[in-house]
Amino acid sequence: MAAAAAALLGRAVAACGARRGRGWARAWARAWGRACSGSTGTGAVLRERLRRDQAAGGAGAAGDAEEQRRWARGGARRLALRLAGLLGAGGGVAIVCIFGSNAVDEHGAKIPDEFDGDPVGIQQLRRTYKYFKDYRQMIIEPTSPKLLPDPLQEPYYQPPYTLVIELTDVLLHPEWSLVTGWRFKKRPGIESFLQQLAPLYEIVVFTSETGMTAFPLIDSVDPHGFVSYRLFRDATRYMDGQHVKDISCLNRDPARVVVVDCRREAFCLQPHNGLALPRWDGSSEDRQLYDLAAFLKTIALSGVPDVRPVLEHYALEEDPLAAFKRRRTQLEEEEQQRREELAQGKKPPPGLFLGSWAGRLWGRSKQQ
């Protein structure tokens, strides 16, 4: 029986050799059936061999298909890289041709420059390099070393102090919704804040927003023109990824400049000129501008010769305006006590006089 099964297996193998493709499976099946009818042991061997051959054939086909897909992906990647290289080279040549040419006047005539004596290709490259270097410098540096005009002289009125205040998250809060898109919410008390401080401070809105965004916003919150000047992102100094407001470029006495912002990094070049407020989250219950107005009015009405020690003193507090309110309330209570004692004919304790308010509000150690 085993000899018969072997003979049948040989004929099946021969049939598989003769019939390529799908015919080999039918030949194997017929041989297997005949062998199984002759011997149970031989049939089991043939079944196992058939299973292995089918598994090997399937794995080989899958491997061939995966190899073809890998080659196809590699070819597409190489083609994309070649196209990107061609586009990059063409873009570089176009940039050099556009920005490397001489500037022209209003009549279309070329304006000579320091690169005219170089070879043509070198001229183009050097002009392109200078253009982008100047453009980068324009972004990093303020637009002018004097961002504000000279102070007004008599008979015109120049406020004794200058207030530099941020727009976003100090006076306005940006909000977005699916219905309205981006909108800016006005902080409670903004009209009263500007009106109270305009006689005492030269109000300058100095924001890191662009002029296109900020200009109409300032118009909407200041219809009466209490804001004296407006400075935008191009007037900032770009440092370590931050837009910094350089007070030395304002053309004002730093001893009389107060900067109000929600980011300490915004006035990191002159930290003692700044007052950092918590970022406004858009709450309608907020009263920070009322407290800020009282704080700044007290500075101005006290005639502080240098605001920096005052701001430095309150910068040590976690919440500067809350600390100011506590001290002011305490002094008001002491003043009320002094008046009551005077009414009763008692001699008030030393130090409880109106003239001592400024020193006690700002901290004596900073004033000495």
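Ring orientation note: the planes of Tyr201 and Tyr161 are tilted relative to one another, at an angle of 30° to 60°. Using cut-offs of 30° and 60° on the angle between ring planes, the pair His173 and Trp280 is perpendicular.
Note that CG of Leu331 and CZ of Arg326 are 13.0 Å apart. Values are rounded to the nearest 0.5 Å. Taken from CD in Glu191 to NZ in Lys186, the straight-line distance is 4.0 Å, to the nearest 0.5 Å. Taking CZ of Arg328 as the reference point, atom OG1 of Thr298 lies at 6.5 Å (rounded to 0.5 Å). Atoms CD1 and CD, on Ile218 and Glu209 in that order, are 10.0 Å from each other to the nearest 0.5 Å. Distance check: Gln288 CD to Phe295 CZ gives 12.0 Å after rounding to the nearest 0.5 Å. Rounding to the nearest 0.5 Å places OG1 of Thr162 at 9.5 Å from CZ of Arg256.
Residues Val164 and Leu292 do not share a hydrophobic cluster, clusters being chains of Ile/Leu/Val/Met/Phe/Trp/Tyr side chains in contact below 4.5 Å. Hydrophobic clustering (ILVMFWY, side-chain heavy atoms < 4.5 Å, transitive): Leu171 and Leu296 are in one cluster. Connection of Leu125 to Val93 is not established within any shared hydrophobic cluster, with ILVMFWY side chains joined at heavy-atom distances below 4.5 Å, either directly or through further cluster members. Linking ILVMFWY residues whenever their side-chain heavy atoms come closer than 4.5 Å, directly or via other members, places Leu172 and Leu289 in the same cluster. Connection of Phe324 to Val259 is not established within any shared hydrophobic cluster, with ILVMFWY side chains joined at heavy-atom distances below 4.5 Å, either directly or through further cluster members.
Counting only heavy atoms from C-beta outward, the side chains of Pro271 and Leu311 never approach each other to under 4.5 Å.
Screening Gln242, His243, Glu166 for a side chain to side chain donor-acceptor pair (under 3.5 Å) with Arg263, the sole residue that qualifies is Gln242. Checking Leu167, Thr207, Thr168, Val205 one by one against Leu217, the side-chain contact (heavy atoms from CB on, under 4.5 Å) holds for a single residue, Leu167. Among the candidates Leu163, Thr236, Asp261, Leu148, the single residue satisfying the side-chain contact (heavy atoms from CB on, under 4.5 Å) test with Phe206 is Thr236.
Cation-pi check for Arg187 over Phe193 is not met; the charged atom does not lie both under 6.0 angstrom from the ring centroid and within 45 degrees of its normal.
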Practice problem: Determine, stepwise, if the pair Ile247 / Leu269 fulfils side-chain contact (heavy atoms from CB on, under 4.5 Å). | Solution: CA-CA 8 Å; Ile247 305 306; Leu269 293 178; over 6 Å; no
Quiz prompt | side-chain contact (heavy atoms from CB on, under 4.5 Å) assessment of Leu250 paired with Leu231 | solution = CA-CA 10 Å; Leu250 284 182; Leu231 299 175; 3.8 Å; yes
Exercise. Please report the C-alpha distance between Glu332 and Gln336 in whole Å, then the side-chain angles of each, then the deciding distance to 0.1 Å, and finally whether the side-chain contact (heavy atoms from CB on, under 4.5 Å) criterion is met.
Key: CA-CA 6 Å; Glu332 289 175 350; Gln336 181 64 28; over 6 Å; no
Exercise. Test Glu334 against Gln330 for side-chain contact (heavy atoms from CB on, under 4.5 Å), laying out the working first.
Key: CA-CA 6 Å; Glu334 292 178 355; Gln330 180 183 358; 3.5 Å; yes
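Side-chain atoms of Asn273 never come within 3.5 Å of backbone atoms of Phe267 as a donor-acceptor pair (strictly under, hydrogens ignored). For the pair Gln158 (side chain) and Pro151 (backbone), a donor-acceptor distance under 3.5 Å is absent. Side chain of Ser283 to main chain of Glu285: a donor-acceptor pair is present (N/O by atom type, distance under 3.5 Å, no hydrogens or angles).
Taking each heavy atom of Leu200 and Pro160 in turn, the nearest pair found is O-CD, 3.4 Å. Nearest heavy-atom pair across Tyr156 and Leu152 is CB-CB, 4.1 Å. Nearest approach of Pro149 to Tyr229, heavy atoms of both residues: CG-OH, 3.4 Å. Tyr290 and Gly189 get closest at one heavy-atom pair: OH-CA, 3.4 Å. Across all their heavy atoms, Ala235 and Leu147 have their closest contact at O-CD1, 3.7 Å. Of all the heavy atoms in Cys262 and Arg279, the pair that sits closest is SG-NH1, 3.8 Å.
Ser248 and Asp246 share a side-chain donor-acceptor pair at under 3.5 Å. In this model, a donor atom of one side chain and an acceptor atom of the other lie less than 3.5 Å apart for Lys185 and Ser284.
Using a cutoff of 4.0 Å between basic side-chain nitrogens and carboxylate oxygens, Arg339 and Glu335 are scored as salt-bridged. In summary, Asp319 and Lys325 do not engage in a salt bridge, as defined by a charged side-chain N under 4.0 Å from a carboxylate O. Arg252 has a carboxylate O that lies under 4.0 Å from a charged side-chain N of Glu202, or vice versa, which qualifies the two as a salt bridge.
At most 12 heavy atoms of other shown residues, nucleotides or ligands fall within 6.0 angstrom of atom CZ in Arg183. Counting non-hydrogen atoms of neighbouring residues, nucleotides and ligands closer than 6.0 angstrom, the CZ atom of Arg73 exceeds 12 such neighbours. Environment of OH in Tyr157: crowded, with over 12 heavy atoms of neighbouring residues, nucleotides or ligands closer than 6.0 Å.
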